[in-house]
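Keep in mind that what you see is a predicted model, and the values were worked out from it rather than measured.
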Amino acid sequence: GYDDLGELKSFIEKEVSKGAAGASSQEIPDVDFSLIFDHSVPNAVEYLSLDSISEEVYRLFTLHCLTDSVATGMATEYLRYTLLPRILALTKTASRVLFSCMVALADVHPRSIVDALVLPLAHAPHDADEHAAPRKEIIHRLVADHVPVDMEAALLRGVLAGPESPGAEGGHEGVGGIGNTVVHPLSPPSVAALKALLAKKSLPWTHADVRALAVRAQASHSLYRKDSKFAALLFTIISRFPEECGECKDILRAALLQCETAMAKSALRKLDR
């Protein structure tokens with residue numbers, strides 16, 4: 001039964017009513033939000049109708065619910081069932097309310113934001129352009145400004161590893177399709193994540209990282225044949241990590257030869273020097 005969730009349901013209903021009346025809640029409610037974790041999260045989410053409430057009420061409820069006392073695993077599961085579907089459904093830029101919710105959560109549960117939001121968005125199947133644009137923007141802004149330094153290397157390897165990769169806690173040496181039968185193309189959001197990570201000059205890339213990118217890039221050429229920004233990503237890798245590129249020159253060359261931009265030609269010249 002869900003009798004113990006009655007207070008939470010009442011809280012949500014009151015906030016929905018306040019929102020309809022143009023009011024907003026200023027007081028911290030005397031409600032035990034941790035009760036949601038006494039149940040299966042998917043069932044509790046459905047019972048509380050968290051998927052259908054407004055962004056304002058969702059933000060209020062979630063920030064009360066996911067305090068720093070909540071275990072990372074529980075926070076991750078909650079966000080996968082509540083926040084990720086909202087982001088996947090976006091066809092335009094995330095609202096200020098929704099993005100401020102993500103930023104606030106990243107301060108309290110950064111690993112959960114990476115594992116429940118950033119990596120799933122990066123690995124989501126390539127969808128219509130109307131979905132790709134908001135996903136790319138969210139990933140770029142989160143990775144650029146709201147991922148702790150000590151999580152950047154694990155995030156890099158998680159993005160490079162592809163859809164079967166573990167979360168930010170897992171190791172990723174030798175990732176990126178090496179030895180796997182299926183190599184997944186890089187989705188536009190994953191490219192956005194890599195660009196944001198590449199902008200962090202203090203983040204080292206290993207030989208395995210560069211090889212993983214090369215393998216994924218070669219599998220992605222049909223998506224980015226005329227995309228100069230994708231070629232620019234490879235150009236930057238070749239420029240900054242020439243030694244690491246040495247072992248996978250043939251793979252990078254094969255990827256660049258499939259591109260039809262001036263930047264790809266520049267990257268090829270750089271690679272062959």
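Side-chain contact between C245 and I237 is present, with heavy atoms from C-beta onward closer than 4.5 Å. Contact annotation: the side chain of L186 approaches that of L213 to within less than 4.5 Å [non-hydrogen atoms, C-beta and beyond]. Between L90 and I138, the closest side-chain pair of non-hydrogen atoms falls below 4.5 Å. Side-chain contact between R80 and D115 is present, with heavy atoms from C-beta onward closer than 4.5 Å. A 4.5 Å side-chain heavy-atom check between F11 and L60 finds at least one atom pair inside the cut-off. Between L88 and R135 there is a side-chain heavy-atom pair separated by less than 4.5 Å. When side chains are defined from C-beta on, H123 does not count as touching H184, because their heavy atoms never get closer than 4.5 Å. Residues L105 and S112 are not in side-chain contact: their nearest non-hydrogen atoms beyond the backbone lie 4.5 Å or more apart.
Residue pairs meeting the ring pair (Phe, Tyr, Trp, His ring centres under 6.0 Å) criterion with at least one member in residues 84-108: none, sequence neighbours excluded. For residues 57-69, the set of pairs meeting the salt bridge (Lys or Arg N to Asp or Glu O under 4.0 Å) definition, not counting sequence neighbours, is empty. Sorted by first and then second residue, the side-chain hydrogen bond (donor to acceptor under 3.5 Å, both in side chains) pairs with a member in residues 38-47 read D4-H39; sequence neighbours excluded. Sorted by first then second residue, the side-chain hydrogen bond (donor to acceptor under 3.5 Å, both in side chains) pairs that include residues 143-153, not counting sequence neighbours, are E152-K200.
One distance of note links CG of L256 with NZ of K270; it measures 13.5 Å at 0.5 Å rounding. Atom SG of residue C101 and atom CZ of residue R96 lie 12.0 Å apart, to the nearest 0.5 angstrom. The structure places CG of D272 at 9.0 Å from CD1 of I238, a figure rounded to the nearest 0.5 Å. Rounding to the nearest 0.5 Å places CZ of R86 at 9.5 Å from OG of S95. The distance from atom OG of S220 to atom CG of L234, rounded to the nearest 0.5 Å, is 9.0 Å. Note: L5 CG to E7 CD = 10.0 Å, rounded to the nearest 0.5 Å.
Residues T62 and Y78 bring a donor and an acceptor atom of their side chains to less than 3.5 Å of each other.
Between the side chain of R240 and the main chain of W205, no donor-acceptor pair closer than 3.5 Å is present. With hydrogens and angles ignored, the 3.5 Å screen pairs no side-chain donor or acceptor of H140 with any backbone N or O of P189. No donor-acceptor pair under 3.5 Å is formed between the side chain of R225 and the backbone N or O of C259.
In terms of heavy-atom proximity, L66 sits nearest to V108 at O-CG1, 3.9 Å. In this structure, A217 and F230 approach most closely via the heavy-atom pair CB-CZ, 3.8 Å. Taking each heavy atom of V118 and I139 in turn, the nearest pair found is O-CD1, 3.7 Å. Minimum interatomic distance between L160 and D209 (heavy atoms only, all atoms of both residues): CD1-O, 3.5 Å. Residues L50 and Y58 come closest through the heavy atom pair O-CD1, 4.3 Å. Here the closest heavy-atom approach between residue V143 and residue A193 is recorded as CG1-O, 4.1 Å.
Other residues, nucleotides and ligands place no more than 12 heavy atoms under 6.0 Å from the NZ atom of K14. Within a 6.0 Å radius of CZ in F61, other residues, nucleotides and ligands contribute more than 12 heavy atoms. Heavy atoms of other residues, nucleotides or ligands lying less than 6.0 angstrom from NZ of K9 number more than 12.
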* Given V147 and L197, is the side-chain contact (heavy atoms from CB on, under 4.5 Å) satisfied, shown in steps? -> CA-CA 10 Å; V147 172; L197 288 165; over 6 Å; no

* Asked: Stepwise, does the side-chain contact (heavy atoms from CB on, under 4.5 Å) test hold for T82 with D51?
  -> CA-CA 6 Å; T82 63; D51 58 341; over 6 Å; no

* Asked: Does the side-chain contact (heavy atoms from CB on, under 4.5 Å) test come out yes or no for T206 and R157, once each step is laid out?
  -> CA-CA 10 Å; T206 66; R157 280 146 208 163; 3.4 Å; yes

* Test side-chain contact (heavy atoms from CB on, under 4.5 Å) on H207 and E243 and set out the steps. => CA-CA 8 Å; H207 286 83; E243 181 181 342; 4.2 Å; yes

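L233 and L257 end up in the same hydrophobic cluster when Ile, Leu, Val, Met, Phe, Trp and Tyr side chains are linked at under 4.5 Å. Linking ILVMFWY residues whenever their side-chain heavy atoms come closer than 4.5 Å, directly or via other members, places L83 and V103 in the same cluster. Hydrophobic clustering keeps V97 apart from L117 (ILVMFWY residues linked when any side-chain heavy atoms are closer than 4.5 Å, directly or through intermediates).
Other cluster members for M263: F235, joined by side-chain heavy-atom distances under 4.5 Å among Ile, Leu, Val, Met, Phe, Trp and Tyr.
Between K18 and E15 a salt bridge is recorded (basic side-chain N to carboxylate O distance below 4.0 Å).
A search for side-chain hydrogen bond (donor to acceptor under 3.5 Å, both in side chains) contacts involving D250 returns R253, not counting sequence neighbours.
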